[in-house]
S.K.: 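Pasting a structure here, questions to come.
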Amino acid sequence: MQCPNCGAELEAGSIYCSVCLQELQIVPDYDPLEEIIIGQDPEEPSKPLEEQLKKDSSREKDERKSLWQSKTFRQILLLSTAIFVCFGAFLIGYFSMGRSNSYSYQLKKGTELLEEEQYQEALPYLKQAQSIQEGRQGTDIVPLCEMSKAYEALEAKELAVECLWKAVALEETARGESQELLELYLQLMELLNETKQTSLVQEVIDTCAYDAIREELLPYRVEKPTCSLAEGVYHYYVSLELDAEYGAIFYTLDGTEPTRDSARYEKPISLTEGENLLCAVAINKKGMVSEPLVQIYRLEFQYDPDMDEED
């Protein structure tokens, strides 16, 4: 061992250099392996790194398993699930309510079903659309017109006419006299004809508030024919005279409903012996057909034996 100051040889265990009297600092040798061994539990031998990692991983799994099995964690999980379900239900209800209160959605859905000829399914949507916007300024009449089509397809004739008539009144109140109002009145006339409710034509004309439109509607008037003789049983030959204020009269004597191809009334009708079932309608130039006049006549001639003796 040499003195770090003068380089003289030192005796083992010396504290001072005998030559330069420099105090010596003794530094022990450092062994990292020895430090690791000293730091370990003497009862626990050193283990390979891989085995230690496995142990740590197993410990983490046990901790997670313990967490899942804890009562507090299960309660928190159930509460979170309940909150999530309630929030989802709220969102569904919110959007459903938004749709149910949306005029455009209800009308679009009803119109689509109507085009697919699902008339019964279309009606609730159209009714909801009408209900949403009813009473507002500038109310749309489309839902009522579409409802009228659905009812007509379902053979609910009175309801079909009621919806379209209501649409006419609504248009008249909201926007007044216009070409659109006239066209709506003409649609109503056609519907009355298609549903065989032409007896209401005069009433519709009378309720119209505008002279110009009333003039356009007058040619659509048609009335059920009248007959000069009441129905019943007769013991002599009779002739029937028919009359209708608007349009030409067509008739049958077998009970079938007349058309333009049936016999046209031009002179009194002579009945034959037996039963005669008269059915007559008036058809005007607009093609409107009146309600039918239906009457039964029976001609029965009594037998007189004295007439045979005279022969």
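For reference, positions follow the sequence shown, starting with 1.
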S.K.: I'd like to know if Arg298 and Glu273 make a salt bridge, using a cut-off of under 4.0 Å between side-chain N and carboxylate O.
M.R.: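 Judged by the 4.0 Å cut-off on N to carboxylate O distance, Arg298 and Glu273 do not form a salt bridge.
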S.K.: Could you please spell out the steps behind the side-chain contact (heavy atoms from CB on, under 4.5 Å) verdict for Tyr297 and Leu229?
M.R.: CA-CA 9 Å; Tyr297 300 89; Leu229 190 65; 4.3 Å; yes
S.K.: Consider only side-chain heavy atoms of I, L, V, M, F, W and Y, link residues closer than 4.5 Å, and tell whether Leu299 and Val233 are in one cluster.
M.R.: no
S.K.: Does anything in residues 181-191 pair up under side chain to side chain donor-acceptor pair (under 3.5 Å), and if so which pairs, sequence neighbours excluded?
M.R.: Glu172-Tyr185
S.K.: So, does Asn284 use its side chain to make a donor-acceptor pair with the main chain of Ala248 at under 3.5 Å?
M.R.: no
S.K.: Cut-off 3.5 Å, no hydrogens considered: what does the side-chain donor-acceptor table look like for residues 144-153, sequence neighbours left out?
M.R.:
from	atom 1	to	atom 2	distance (Å)
Glu146	OE1	Lys149	NZ	3.1
Ser148	OG	Ala160	O	2.8
Tyr151	OH	Lys127	NZ	3.4

S.K.: Clusters formed by hydrophobic residues whose side-chain heavy atoms approach within less than 4.5 Å: which one holds Val294, and what are its other members?
M.R.: Leu277, Ile296
S.K.: Listed by chain and number, what are the ring-ring contact (aromatic ring centres under 6.0 Å, His included) partners of Tyr210, not counting sequence neighbours?
M.R.: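 None.
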S.K.: Which residues end up grouped with Val289 if you chain together Ile, Leu, Val, Met, Phe, Trp and Tyr wherever their side-chain heavy atoms are less than 4.5 Å apart?
M.R.: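 Members besides Val289, by chain and number: Phe250, Val281, Ile283.
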S.K.: When you compare the side chain of Leu293 with that of Cys227, does any pair of heavy atoms fall below 4.5 Å?
M.R.: yes
S.K.: With a 4.5 Å cut-off on side-chain heavy atoms, are Tyr220 and Thr198 touching?
M.R.: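 Contact flag for Thr198/Tyr220 side chains = no.
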S.K.: According to the interplanar angle, ranging from 0 to 90°, do the rings of Phe301 and Tyr237 count as parallel (below 30°), tilted (30 to 60°) or perpendicular (above 60°)?
M.R.: tilted
S.K.: Using the salt bridge (charged side-chain N to carboxylate O under 4.0 Å, His left out) rule, collect all pairs that involve residues 215-224, keeping only residues at least two apart or in two chains.
M.R.: none
S.K.: With a 4.5 Å limit on heavy-atom distance, are the side chains of Leu181 and Arg175 in contact?
M.R.: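 No - every pair of side-chain heavy atoms lies 4.5 Å or more apart.
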S.K.: For Gln295 and Ala230, which heavy atoms make the closest approach, and how far apart are they?
M.R.: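 Shortest heavy-atom separation between Gln295 and Ala230 comes out as NE2-C, 4.5 Å.
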